[in-house]
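We name chains A, B, ... by the order of the sequence lines, and we start the count at 1 in each one. Remember, predicted model here, so these are calculated numbers, not experimental data.
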Number of protein chains: 2
Amino acid sequence: MRIGELSRRTRIPIRMLRYYEERGLLTPQRTPSGYRLYQESDVGQAALVSSLVRAGLPTRLIMPLLDDLRPKPPAADEPGDRDELIALFAAELARLDRQVACLSLSRDAVRQHLRRLRAAREPGCARSRTGSDSGAGRAVSGPG
Amino acid sequence: MRIGELSRRTRIPIRMLRYYEERGLLTPQRTPSGYRLYQESDVGQAALVSSLVRAGLPTRLIMPLLDDLRPKPPAADEPGDRDELIALFAAELARLDRQVACLSLSRDAVRQHLRRLRAAREPGCARSRTGSDSGAGRAVSGPG
DNA sequence: GTAAAGTCTCACGCCGGTGTGAGAGTCAAG
DNA sequence: CTTGACTCTCACACCGGCGTGAGACTTTAC
């Protein structure tokens, strides 16, 4: 499929799909005329990438993550900077740990705040069903 | 205390402390000569703010959060944009939930990746106790 | 052939969070 | 007084994620 269809199906702006490619997170083929050609599996991949990006992960980190999550043979990287890589990822892991902690804390705070906000709204005046949903979800969906 | 001490104690760059003030997240008093004067309680506050920011919360949302967490009388905001605020925070909450999930996933993947990396390095050579720490934590600490 | 929709690249710009430096004022210590 | 550490404001700039527009080409539909 071409970029437009992928965009429609994933709800990811075309701009972003190109951006992901620029970052090496999506590697569509090209038609002779230069149009990007995506495969069915790219739908899931794109959604995943988008999800990770929105989670605040730097794209640099997403790439190796994708490599790791895919059914890839434990092939030969360049051994040599292994130690360096290990250090890098260890640092990254620590950072992620901290970030998760912060995030959880923030989430709890927001939750708390929301609760109060909602409680404070209807002290007595019954105001049946003020729409208070939160259209979340449906971002990462498998290609099926 | 002045900004330098606060910076040392919170490990937050001075620049950022000023930035937080600019955003209304920290409101130090001033000496006659213009120096910022922080109180003991600002240590915790600053740490919290920093934590929230690093978690990806936009500063605009942090402000009302802080208001909420503080021992404040349930005073009169402008009622009117309440609904708007609620919607906003609901969306933010959803975002955070997703973010936490994604982040955890990523963290696990990184962990996994690290494990493989490390395993691949020492196929046979016993090398007792390869240091594998990750100095996380100790970001948000209460003032006392 | 022509029009319309889709795509390409390139490039500018915004925003939020940060780093950094310049130039001036403040304060404590000698 | 001078000196050095600290602080002030202002301002430029970077980076990452994103929007948007220009100008050219491709594909599709009539």
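The cluster map of Ile, Leu, Val, Met, Phe, Trp and Tyr, joined by side-chain heavy atoms under 4.5 Å apart, puts B:Tyr19 and B:Leu57 in the same cluster. Grouping the Ile, Leu, Val, Met, Phe, Trp and Tyr side chains by contacts below 4.5 angstrom, directly or via other members, places B:Met63 with B:Leu17. A single hydrophobic cluster is seen to contain both B:Val49 and B:Met16, as judged by linkage of ILVMFWY side chains at heavy-atom distances under 4.5 Å, directly or through other members. Under the 4.5 Å side-chain heavy-atom criterion for grouping Ile, Leu, Val, Met, Phe, Trp and Tyr, B:Met1 is connected to B:Leu48 within one hydrophobic cluster.
Which of D:dC25, C:dT9, D:dT7 sits closest to the side chain of A:Tyr35 comes down to D:dC25.
Spacing between atom CD of A:Glu21 and atom C1' of C:dT9 amounts to 12 Å, rounded to whole angstrom units. Rounding to whole angstrom units, CD1 of residue A:Ile14 and C1' of D:dG19 are separated by 13 Å. Rounded to whole Å, atom C1' of C:dG6 lies 14 Å from atom CG of A:Leu17. Protein atom CG of B:Leu6 is 16 Å distant from nucleotide atom C1' of D:dC8, rounded to whole Å.
Among all heavy-atom pairs drawn from B:Tyr38 and B:Arg2, the shortest one is CD1-C, 4.1 Å.
Note on A:Arg111 versus B:Asp97: salt bridge recorded, some NZ/NE/NH1/NH2 to OD/OE distance being below 4.0 Å.
The bend of the helix from C:dG1-D:dC30 to C:dG30-D:dC1, defined by the angle between the axes of its first five and last five pairs, stands at 0° to the nearest 10°.
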Please list each protein N or O that sits under 3.5 Å from an N or O in nucleotides 21-23 of chain D, with the distance.
none

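Residues forming a side-chain hydrogen bond (donor to acceptor under 3.5 Å, both in side chains) with A:Glu21 (at least two apart in sequence, or on another chain): A:Arg30, A:Arg36. Evaluation of the salt bridge (Lys or Arg N to Asp or Glu O under 4.0 Å) rule for B:Arg15 yields no partner, not counting sequence neighbours. Considering only residues two or more places apart in sequence or on other chains, B:Ser104 meets the side-chain hydrogen bond (donor to acceptor under 3.5 Å, both in side chains) condition with none of them.
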* Heavy atoms under 4.0 Å is the rule here; annotate nucleotides 13-19 of chain C 5' to 3' with B where the base is hit, S where only the sugar-phosphate is, and - elsewhere. => ---SBBB
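Formation of a donor-acceptor pair under 3.5 Å by the B:Thr10 side chain with backbone atoms of B:Leu6 is found in this model.
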